[in-house]
S.K.: 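To start, I am sharing the structure in question, which I have written as structure tokens.
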Amino acid sequence: MEGIAEYIKVEYNKDYYIEKHNEVRGIQGLDYIECGTESHILKINPDYYRQWDHILTIMSGVHIGMCEHGTGFNYNPTLTAGVPPHIDFDEREGNRFNLLLPLFGVAKIGIYETIPEQLEFRHGMEHWNMLKDKYPPNKIGEIVVDKPVLLDTMYLHDVKVLEAPRAIFCVAWRGINMSYNEFKEHVEKTLT
């Protein structure tokens, strides 16, 4: 999925991220309405800024514009605890990219044809869109997330769990004034 979802060469201390993930597992996370994913994101707990200071400092060296709705740990306890097709929003102008750092387990990200007129906000939320019920999803590609992936979240994407439990740390950068390829190169230079 060139220019949409690609493997990226970055270094991260997986054991440290797993330790930080284990710290939040006992705390009530955000349960998404239409799936079984549990998320611990910056938006739901101000203490995460302090707890994850080391990680956030590293990631802000790439780009300061991290989205509090998308940055954090995502946990899928079972094979059926995926995420339906959606896109991620932000009030900032520019491109939107997620860096997915797998901790354990495996998932597959599906990419779908994205036509803005076919999308809608749901459940009173305004930071993500989903397909209106009358439109079937049209898959255009997929990538297995068993190593770091850079994802352009302006495309409809879903998560299907292949090996459970599965956990990742997601860095959601918003307001990027670079193309996918330029930003990917920038991330790789900064995080290696």
Side-chain angles (χ1 to χ4, degrees), residues 5-32 35-77 81 83 86-107 109 125-128 145-154 157 159 161 164-178 180 182-192:
E6 298 178 21
Y7 296 116
I8 184 167
K9 295 177 182 135
V10 296
E11 296 173 5
Y12 67 109
N13 183 338
K14 189 182 287 190
D15 290 338
Y16 179 76
Y17 281 71
I18 290 172
E19 178 184 315
K20 290 299 176 184
H21 174 260
N22 289 341
E23 287 177 9
V24 299
R25 284 291 296 131
I27 300 169
Q28 177 64 38
L30 178 64
D31 292 322
Y32 287 105
C35 63
T37 298
E38 176 187 309
S39 290
H40 293 274
I41 54 172
L42 292 171
K43 177 74 175 167
I44 65 167
N45 189 337
D47 289 338
Y48 291 160
Y49 286 93
R50 179 189 47 76
Q51 285 180 263
W52 305 340
D53 180 63
H54 179 68
I55 296 169
L56 299 176
T57 298
I58 291 168
M59 296 306 168
S60 66
V62 173
H63 183 72
I64 194 71
M66 283 180 275
C67 176
E68 62 183 359
H69 291 284
T71 299
F73 291 97
N74 293 318
Y75 177 73
N76 310 92
V83 181
H86 67 285
I87 65 170
D88 301 313
F89 267 94
D90 192 84
E91 67 279 355
R92 290 168 272 203
E93 295 292 323
N95 292 318
R96 307 180 292 260
F97 303 116
N98 285 2
L99 175 62
L100 310 174
L101 300 174
L103 307 181
F104 51 83
V106 178
I109 304 287
M125 300 294 178
E126 294 186 357
H127 61 277
W128 47 269
V145 183
D146 57 355
K147 52 191 165 202
V149 167
L150 185 66
L151 171 67
D152 183 339
T153 66
M154 294 174 75
H157 56 282
V159 178
V161 181
R166 176 252 186 181
I168 65 161
F169 187 80
C170 175
V171 184
W173 287 294
R174 305 295 181 252
I176 309 295
N177 294 319
M178 291 184 228
Y180 182 96
E182 290 169 330
F183 192 67
K184 181 181 176 194
E185 184 178 325
H186 172 68
V187 174
E188 288 179 332
K189 283 182 181 175
T190 307
L191 299 181
T192 52

S.K.: Could you check whether any side-chain heavy atom of Met178 comes within less than 4.5 Å of a side-chain heavy atom of Asn95, counting everything from C-beta outward?
M.R.: no
S.K.: Would you please classify the geometry between the Tyr75 ring and the His21 ring as parallel, tilted or perpendicular, with 30° and 60° separating the classes?
M.R.: tilted
S.K.: Using 0.5 Å steps for rounding, measure from the CG atom of Asn74 to the CG atom of Asn98.
M.R.: 9.0 Å
S.K.: Let me see the working for Val187 and Trp173 under side-chain contact (heavy atoms from CB on, under 4.5 Å), right down to the final yes or no.
M.R.: CA-CA 11 Å; Val187 174; Trp173 287 294; 4.2 Å; yes
S.K.: Just how far is it from atom NZ of Lys43 to atom OH of Tyr48, taken to the nearest 0.5 Å?
M.R.: 14.0 Å
S.K.: Indicate yes or no: at least one non-hydrogen side-chain atom of Lys184 is less than 4.5 angstrom from one of Phe97.
M.R.: no
S.K.: Do the side chains of Glu11 and Thr192 get nearer than 4.5 Å, heavy atoms only?
M.R.: yes
S.K.: Indicate the atoms forming the closest heavy-atom contact of Lys147 with Tyr7, along with that distance.
M.R.: CG-CD2, 3.3 Å
S.K.: Atom CD1 of Ile87 and atom CZ of Arg96: how far apart are they, to the nearest 0.5 Å?
M.R.: 5.5 Å
S.K.: If I take atom SG from residue Cys170 and atom CG from residue Leu101, how far apart are they, to the nearest 0.5 angstrom?
M.R.: 8.5 Å
S.K.: Within the 4.5 Å heavy-atom criterion, are Val149 and Ile109 side-chain neighbours or not?
M.R.: no
S.K.: Angle class for the His186/Phe183 ring planes (parallel below 30°, perpendicular above 60°, tilted otherwise)?
M.R.: tilted
S.K.: Which of these, Tyr16, Tyr17, Phe73, sits in a ring pair (Phe, Tyr, Trp, His ring centres under 6.0 Å) with Trp52?
M.R.: Phe73
S.K.: Keeping the roles fixed (side chain from Asn76, backbone from Ala81), state whether a donor-acceptor pair exists under 3.5 Å.
M.R.: yes
S.K.: Under the rule for side-chain contact (heavy atoms from CB on, under 4.5 Å), what residues qualify as partners of Asn177, not counting sequence neighbours?
M.R.: none
S.K.: Taking all non-hydrogen atoms of both residues into account, name the closest pair between Ile41 and Gly70 and its distance.
M.R.: CG2-C, 4.3 Å
S.K.: Side chain of Tyr180, backbone of Glu6: donor and acceptor closer than 3.5 Å?
M.R.: yes
S.K.: Using modelled atom types only, decide if a donor and an acceptor are shared between the side chain of Thr71 and the backbone of Ala172 within a distance under 3.5 Å.
M.R.: yes
S.K.: Do Arg174 and Thr153 come within less than 4.5 Å of each other through their side chains, counting heavy atoms only?
M.R.: yes
S.K.: To the nearest 0.5 Å, tell me how far Ile55 CD1 sits from Met66 CE.
M.R.: 10.5 Å
S.K.: Let me confirm one number: the CG-CG distance from Leu42 to Asp47, rounded to the nearest 0.5 Å.
M.R.: 11.5 Å
S.K.: Donor-acceptor check, side chain of Lys9 to backbone of Leu191, threshold 3.5 angstrom: yes or no?
M.R.: no
S.K.: Does a side-chain heavy-atom distance below 4.5 Å link Pro148 with Phe169?
M.R.: no
S.K.: Can a donor-acceptor pair be found, under 3.5 Å and without considering hydrogens, that links the side chain of His40 to the backbone of Val24?
M.R.: yes
